[in-house]
Amino acid sequence: MEIVKKASPQTKEELKIAKESLAKELLEKGLSGIPSQDKTWIKNYTQEQLSLKTPKMSLFEYLYNRNVNNMSVNAMDYMGKKITYEEMFYHIEDTAKRFKKFGVMEKDYVNLALPVSPETVYMIYGLDYLGAAACLIDPRVNAERMQYYLDLVSSKLVGITGIYASTMRSILNSQNGVQMININPLQSFDNGEKGMLKTLYNMKMLLEHAKELSYNIFNNNGNKIISSKKFYNADVTDIVLGSPVYYDGKISLGEYTSGTTGVPKGLELSSSSLNLLIDQLQYLIDTKPGDTILAIMPPFISYGAACGTHNAFSCGLESIMIPKFSPEIFPELIVKHKPNNIVCVPMFLQLLMESPLVSEDFDLSFINNIIVGGNKTDADFEIRFNSWLREHNCSAYITKGGGMAEFSSCLFYTPTPETCTPGIYGIPLPKVDVKIVGENGEELGYYEIGEIHVSSDQAMNGYINNKSATDEFFYYDENGKKWGRTGDLGYIDTDGQVTLLNRKKQMVVRPDGHNVFPSEIAEVIKTHYSVKNCIVVGVKDPNILSGEWPTAYIELKDEYLDKADKMIYEIMELCSIKLPLRDRPRDRDYYQVKKIINTVEGKTNEEETMKDNNIIKRVLK
């Protein structure tokens, strides 16, 4: 289906024009002017979807119930090895027995610093079966951050793959009672298959690293290391599991924030909140058991755990697992595996569109769904990418999901062609309420910019061992309804579509007190034909006591590098035409950079992008 729609208002000038016709629009549509009362987004849902009840059961039980008829269907493709749903459930229960054998009990926290792999899935659901919580850590963090996470939940057990486990050396030397399970990345393969993989995938160095690491830690730390062999060869014939553990508020996952906007926090997600999210998505995403999905979003980010893992398996999909992913190989993975479903961030799609691997006549008709989240999708890019898909015989189009870890990752979605307006965040899911709140706590009307507040049973239980932060995030209104402050700035239009403008903390307050939205500037700059990518951030002036100046960091397309000065001056002129004087960078605050640097997850790494060794030139001194 062709999606050609005008983008939602992105600038203050466009919002002003929208507001001028608001009175007529309210009258025509019979609206009160208060978005949370009108709930205009519900017109996109059926009564069945709006009446969904929260599935109060464990993650394991929910997953099993959804796949009773899918046991012979492939659940995983891990480096060529196929694993059916029947085999997956066997391994989950077997892993639960092994955790129980090693002393894991109901309400325990177990940290997992693991990549995308079958063992990661078995451990998440196996711990959930026992009533314990899997706390998911990025395995690449340094020893200091790893120690912080372990201390936060008083974890005595951590599962980690050997190649990432060097950070555990000092921790195990200094801590009493902490044990590490060293997980072999090839545990899912028998000995013959492992030998083949060492040749096909060049895994020998990885295995030797894991073996050497295990030897060193074991010899220095006594019984603090549980080898993969010891864990998986333990006799569990005497272990009885019983029924999967569930009780109201049962915590199944712990996720850790990155700490980029302050001290990192852990948050507790219940099985019922995650199940409710998946119950809603099953109505909105058209899939069938056996369809494939590219599993590149790691479970240690909530988006990956909820949408990439629990949703994919609950829908009976075959997960093509990529244990060591980097954005540069994304086009290669699409061409090689031809997945039916893609869940990613916008930057990965840009790499796909620009890749020489996708020739003009390459057929992309195998793609059924493309869901992007994590970062805001640029409206112009969304339009261009959808047109590019048509040129490659693909009827799919970008659908967008947005939200935050505190609400199980996804709160907003674009479920129908009618809601796929370029530039919007999405409409609230069927079991989500939203309102826009001003600086004084008042609810704002349509097209008015404020902080997005959300209410849903998808909410986290709270921040781990941090009541003050939990109380600051949540509040109850005069009717006793619980709301969360997202920290996102945006607005709602009369169709219930939410547009995200910026993180509240990313809004730039100039030295003169004027508020500037960096995304508004970046949207304008990206429309210039020479721009490959751009970010705008606030930079403090050392000569002024307070405030920041909006500053643009621009990556040009290769073919325009020899005309860089001319291009940057054209961009400055474009901003002067499109943006008011105080809403654009000063002439001295445009930088040409070698590259807009991203994290492995595809999010912009502002700190690295702004470093001197990445800056080619400042336009004006």
Side-chain angles (χ1 to χ4, degrees), residues 1-11 14 281 284-285 294 296-297 301 303-304 307-308 327 330-331 334 341-354 367 369-390 394 396-404 409-429 452 486 488-493 495-503 506 517-528 531-536 555 596 598-599 601-604 606:
M1 182 176 294
E2 188 68 22
I3 304 295
V4 181
K5 297 184 70 176
K6 184 179 178 182
S8 64
Q10 299 290 317
T11 67
E14 289 172 341
L281 293 179
L284 309 179
I285 304 173
L294 193 64
I296 56 175
M297 306 306 288
I301 56 175
Y303 186 35
C307 299
F330 181 75
I334 298 299
N341 300 278
I342 300 170
V343 179
C344 66
V345 294
M347 188 266 285
F348 297 171
L349 300 183
Q350 181 179 352
L351 292 173
L352 180 64
M353 191 166 69
E354 296 172 352
I367 301 175
N369 294 291
I370 301 175
I371 304 169
V372 298
N375 278 348
K376 179 181 176 181
T377 307
D378 177 74
D380 179 64
F381 172 77
E382 187 176 345
I383 294 169
R384 288 189 291 110
F385 187 80
N386 283 335
S387 296
W388 180 80
L389 287 173
R390 303 297 166 272
C394 181
Y397 52 89
I398 289 178
T399 56
K400 294 164 287 185
M404 63 190 313
S409 79
C410 186
L411 290 162
F412 306 97
Y413 190 57
T414 55
T416 65
E418 292 73 29
T419 60
C420 281
T421 303
I424 73 162
Y425 208 27
I427 62 171
L429 291 176
I452 301 169
T486 69
D488 291 327
L489 292 173
Y491 69 88
I492 302 177
D493 69 17
D495 288 319
Q497 297 182 141
V498 178
T499 295
L500 173 69
L501 295 175
N502 255 109
R503 289 287 298 171
Q506 289 175 338
F517 298 108
S519 62
E520 182 178 342
I521 302 170
E523 291 277 354
V524 170
I525 292 175
K526 287 177 182 178
T527 63
H528 193 274
V531 175
K532 183 174 183 180
N533 206 349
C534 168
I535 63 169
V536 177
E555 177 186 356
I596 300 297
N598 294 283
T599 65
E601 292 80 29
K603 294 191 174 184
T604 303
E606 293 180 356

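Quantities reported herein were computed from a predicted structural model and do not represent experimental measurements.
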*Return the set of residues passing side chain to side chain donor-acceptor pair (under 3.5 Å) with Asp488 (not counting sequence neighbours), or none when no residue passes.*
Arg503

*Of all heavy-atom pairs between Thr399 and Thr414, which one has the smallest distance, and what is that distance?*
CA-OG1, 3.4 Å

_Validation row: Ile296, Cys344 side chains within 4.5 angstrom (heavy atoms)_ = yes

*Heavy-atom pair with the smallest gap, counting every atom of Glu418 and Gln497*: O-OE1, 3.7 Å

*side-chain contact (heavy atoms from CB on, under 4.5 Å) between Phe517 and Val536: does it pass, once the steps are laid out?*
CA-CA 9 Å; Phe517 298 108; Val536 177; over 6 Å; no

*asked:* Contact between Asn386 and Ile398 at the side-chain level, heavy atoms closer than 4.5 Å - yes or no?
replied: yes

*Partner residues of Asn369 under the side chain to side chain donor-acceptor pair (under 3.5 Å) criterion, sequence neighbours left out*: Asn341

_Test your reading of the model: is there a side-chain donor-acceptor pair from Glu555 to the backbone of Ile596, 3.5 Å cut-off?_
yes

*Between Glu382 and Thr377, a side-chain donor and acceptor under 3.5 Å*: no

_side-chain contact (heavy atoms from CB on, under 4.5 Å) for Val345 and Met297? Distances and angles first, verdict last._
CA-CA 9 Å; Val345 294; Met297 306 306 288; 4.2 Å; yes

*Under 4.5 Å between any side-chain heavy atoms of Ile370 and Leu349, yes or no?*
yes

_Nearest-0.5 Å distance, NZ of residue Lys400 to OG1 of residue Thr419_ = 8.5 Å

*So Ile535 and Glu606, side-chain contact (heavy atoms from CB on, under 4.5 Å) or not? Walk me through it.*
CA-CA 8 Å; Ile535 63 169; Glu606 293 180 356; 4.1 Å; yes

*Whether Tyr303 side chain and Gly373 backbone form a donor-acceptor pair below 3.5 Å*: yes

*Heavy-atom distance under 4.5 Å between the side chains of Ile427 and Pro415, does that happen here?*
yes

*Can you name the nearest heavy-atom pair linking Tyr397 to Leu389, along with the distance?*
CA-CD1, 4.0 Å

*What do the steps show when you test Ile334 against Ile342 for side-chain contact (heavy atoms from CB on, under 4.5 Å), and what is the final call?*
CA-CA 9 Å; Ile334 298 299; Ile342 300 170; 3.6 Å; yes

*pair Phe412-Ile452: side-chain heavy atoms closer than 4.5 Å*: yes

